[in-house]
Amino acid sequence: MRERERDAEQGDARNRTSLLKKMEISVAEAEKRTGKNAVNMQETYTVYLIETRPVDAASEGTNPVPDSLWRRYSEFEQLRNYLLVTYPFLVVPPLPEKRAEFVWHKLSADNMDPDFVERRRVGLENFLLRVASHPDLSTDKIFYSFLTEENGWKETVFETGFQAKADSRLKALNATFRVKNPDKRFAEMKHYGDELQSVISQLLRVRARAADRLYGVYKVHGNYGRVFSEWSAIEKEMGDGLQSAGHHMDAYAASVDDILEEEEHYADQLKEYLFYADALRAVCRKHELTQYELEMAAQDLTSKKQQREELATGTIRTFSLKGMTSKLFGQETPEQREAKLKMLETQIEEGEELVKERNGECEEFVKSAWVDIERFKEQKDHDLREALISYAIMQISMCKKGIQVWNNAKECFSKM
Amino acid sequence: EFSVDGLSRVLMHILYFTSSASMINQYKFEEEEEDADTKDIFVTVDNPESHVTAIETYITYRVETKTTRSEFDSSEFEVRRRYQDFLWLKGRLEEAHPTLIVHPLPEKFVMKGMVERFNEDFIETRRSALHKFLNKIAEHPIFSSSEDFKIFLTAGSGELTSHKKQGPGFLSRMGETVKAVAAAVRGVRSRPQEFTDMQEYVEAFSQKISSIDKVTQRIVREQKEYLEELKECGPTYALWSQSEEELAEPLKNVAGCVDKCCKETDEQVKHLNDHLIPVLHEYVLCADTLKAVLRRRDNIQADFEAKTEALATKKADRDAMRDELDKTEDRLEWANNALKSDWTRWQKGMRTDLRSAFIDTAERNVSYYEKCLAVWESFLQSQRTDAEGNGNVDFS
């Protein structure tokens, strides 16, 4: 039943799914708090207000007070880690960055800076909306209680024991190196994830440097304002024209602040997909791991079957220490051989069960993951295209402002 | 109240007569119409050429003159001149008219940045400045009638060299310099208020125009650095497009747009460099010229004051000294009047030049933004038509 529902919803990836149909979610505010941390030291941190409101109430026009609770960034991290472990076959939406990176000179890299906090608030809200609109993630109970249960959530999520289920990095890395037959599509996706991450990082770096320079260009024009004003004081006929032109130069210099603030929003959209690339690669790595474990189990089974054959026919094709010792110290008794054969049979039976199980897991994983990857691809194409369009709109707005200022300045100069 | 042109016409008459005190009393200050459109001499400086000799390498420029003035033997002239020749002409004009304002020449040496004298940009900047210099001379009511100016425009190189050798000898020039230094040391006792006002204005103007020059140069620097960074954006979008399928087209499009904007930025910077900066630079040099002119006027006044004192105290040679004093008094009156009328003329010219340079810059900036606007609007348009085809993008 659920599978059919899911298939229907996948027809339009951006359709609101069950949770968002029922409730409105927002991260409305951010506040500074001080308190004692785990080692009993004073620390300052920021908390974010999550507001939820049932959808039908808003549409009725009654507008009741929303339910709300405060959460720290670290709790968001915990939620995400839980989702990553619990749904390794899904591309889990990323959190906004922990520390400000790709900053251009005027932008603060300080986590306490109000602009950073504000952008983080928006990013956290975006994260919640992404999860709430995901066909599978939105139904998760831990996610629901994150939004609705202020106290005891930490204990609840701890009780799921998700930390223990997490794959060790070493295990994952090992699988990546040794897997023999990963699904080609996943290998390509992983490669794509690498490329996406690399190119978006580069773009963010270049953009930040260009923003820095653009800021300089605009701000230096402010000096014209000052000097024109001083100069107008010693001139008679030219004075008025110079003075008013100077004001326009000041306006021009000031306009860059808004321009770059808007561009920062664009950068945040790129950053989301920079981090999404990581989530995509995580899914591919998980595939490699499941595939590797299947291959290991299959390999083990083959080797056991071979051992049985050797034992049954008395030929030794594979080298084994036991074989060598028995050659040196004499053959085993028929009873010993019988016992060994029986043990091997059991192991082979278990092994076949394991291979069947792992094969099923692998197939299931590939199927579910690929569905989500397709969903992700569509979402990514749509979102990034919108981002590029909004970038163009920003540039147009910047040009229009420039045209206006310089036309005004020209008029003033004409009166010189 | 006398018009600039009225006075300058009168002064022109003086040139053709030996100056004497009585002549000055015959000034008639008439209100005359400005006939700005009857320009009767056109001078062009172009075609730089490099010359290599055993001793040196230098550049000459072609100076072409077209004129209907009767004092010229022909209506068209073409000569070649080097920077030294321009320098000579400027010196002659300043010597003959110490309190008139000669438009500055481009600097002899380039201090900062590119040191190569024969760099293409440097030559072009210099050529343009020399062209302006000669045209300013040609427009000036007094300078344009100068015999030295005429010879500069028309003489062959041999003729020019021999003409240069005439003129006050080294010793007499030395004498003038000594006098000037002595006068400068003495200082002026009672400078008329209007010249003090002028000096204050020149000080302030010099500061302001230098500031504007520096600000503009800084803008050029910042724009160039911005351009350097922007140049990397386009290729990055293009690189990204190679990993994408649906997004490849819009990404390539954006890359193209960014590259086009780079080109526009490059041209805008070039325009600033080639048009606004030279004009600002000229007026920075003008400020120095004005300071020198005011100094020279002060020296003449100081000389007069010294001679007045001397007459009061000395007993012998009183007649000769009184004669000398009268001549000096005439000289001072001449100098003051010349400066006053040329000052008004200069201010008008400055206002015109700077106003049109700023207007030109503003227009160019508007044009820059208009071109970039068009680039991004065509991108939006292309995405709209695409979207209408796919039916899945919201433009609201």
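Proteins come first, then strands; the chains are lettered A, B, ... in the order of their sequence lines, and each starts at number 1. Predicted model, so just to flag it, every value in this text is computed and none were measured.
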Is there a side-chain contact between A:Lys410 and B:Val366 (heavy atoms, below 4.5 Å)?
-> no
Kindly indicate whether the side chain of A:Tyr391, heavy atoms from C-beta on, has any atom under 4.5 Å from the side chain of B:Trp376.
-> yes
Go through the steps for B:Phe358 and A:Phe228 under the test ring-ring contact (aromatic ring centres under 6.0 Å, His included), then give the verdict.
-> CA-CA 12 Å; B:Phe358 287 131; A:Phe228 280 170; 5.4 Å; yes
Would you say B:Arg218 has more than 12 foreign heavy atoms packed within less than 6.0 Å of its CZ?
-> no
Note: vs chain A, highest number of non-hydrogen pairs under 4.5 angstrom among B:Leu230, B:Ile212, B:Val254 is B:Ile212
Should A:Ser414 and B:Ile359 count as side-chain neighbours, where that means a heavy-atom distance under 4.5 Å?
-> yes
If you count heavy-atom pairs under 4.5 Å between each of A:Val206, A:Leu203, A:Val227 and chain B, which one has the most?
-> A:Leu203
Neighbour count above 12 (heavy atom, 6.0 Å) for B:Glu245 CD | no
NZ-CD1 distance between B:Lys208 and A:Ile234, expressed to the nearest 0.5 angstrom | 7.5 Å
Can you tell me how far OG1 of B:Thr236 sits from CD1 of A:Ile200, rounded to the nearest 0.5 angstrom?
-> 12.0 Å
With only heavy atoms counted, which part of B:Phe205 is less than 4.5 Å from chain A, the side chain, the backbone, both or neither?
-> both
Can you find a heavy atom in the side chain of A:Val405 that is under 4.5 Å from one in the side chain of B:Tyr369?
-> no
Nearest-0.5 Å distance that lies between atom CD in A:Gln395 and atom CD in B:Glu377 | 12.5 Å
Quick one: are A:Leu384 and B:Trp240 in side-chain contact, heavy atoms under 4.5 Å?
-> yes
Is it true that atom CD of A:Glu374 has more than 12 heavy atoms of other residues, nucleotides or ligands lying nearer than 6.0 Å?
-> yes
Can you see which heavy atom on B:Ser243 is nearest to which on A:Glu195, and at what distance?
-> OG-OE1, 3.0 Å
Tell me, yes or no, whether the heavy-atom count around B:Lys291 atom NZ, taken from other residues, nucleotides or ligands under 6.0 Å, exceeds 12.
-> yes
Among the listed options B:Glu363, B:Arg221, B:Glu228, B:Arg364, the residue most often paired with chain A at heavy-atom distances under 4.5 Å = B:Glu363
Flag side-chain contact, heavy atom, 4.5 Å: A:Phe413 against B:Leu354 | no
Does a salt bridge link A:Arg209 with B:Glu225, judged by any charged N lying under 4.0 Å from a carboxylate O?
-> no
Side chain from CB out, backbone as N, CA, C, O: work out which of these in B:Thr216 comes under 4.5 Å of a heavy atom of chain A, or both, or neither.
-> both
Decide if atom NZ of A:Lys401 counts as having more than 12 heavy atoms of other residues, nucleotides or ligands within a radius under 6.0 Å.
-> yes
Over all atoms of both residues, closest heavy-atom pair of A:Gln202 and B:Leu239 | OE1-CD2, 4.2 Å
Do other residues, nucleotides or ligands put more than 12 heavy atoms under 6.0 Å from the CG atom of A:Asp257?
-> yes
Using a distance-only test with no angle check, is there a side-chain donor-acceptor pair under 3.5 angstrom linking B:Glu244 and A:Tyr192?
-> yes
In Å, rounded to the nearest 0.5 Å, how long is the span from CG of B:Leu380 to CD1 of A:Ile396?
-> 4.0 Å
In terms of heavy-atom pairs under 4.5 Å with chain B, the winner among A:Lys380, A:Lys219, A:His191, A:Arg226 is A:Lys380
How about B:Met350 and A:Glu235: do any of their side-chain heavy atoms sit closer than 4.5 Å?
-> yes
Min side-chain heavy-atom separation A:Asp212-B:Tyr226 under 4.5 Å | no
Closest approach of A:Leu388 and B:Phe379, non-hydrogen atoms and distance?
-> O-CE2, 3.9 Å
Roughly how far, to the nearest 0.5 Å, is the CG atom of B:Leu251 from the CZ atom of A:Arg385?
-> 10.5 Å
Supply the atom-to-atom distance A:Arg213 CZ to B:Gln223 CD, rounded to the nearest 0.5 angstrom.
-> 12.0 Å
Given A:Asn223, A:Asn407, A:Asn408, A:Val199, the one with more heavy-atom pairs under 4.5 angstrom with chain B than any other is A:Val199
Most heavy-atom pairs under 4.5 Å with chain B, out of A:Met398, A:Met238, A:Glu411, belong to A:Met238
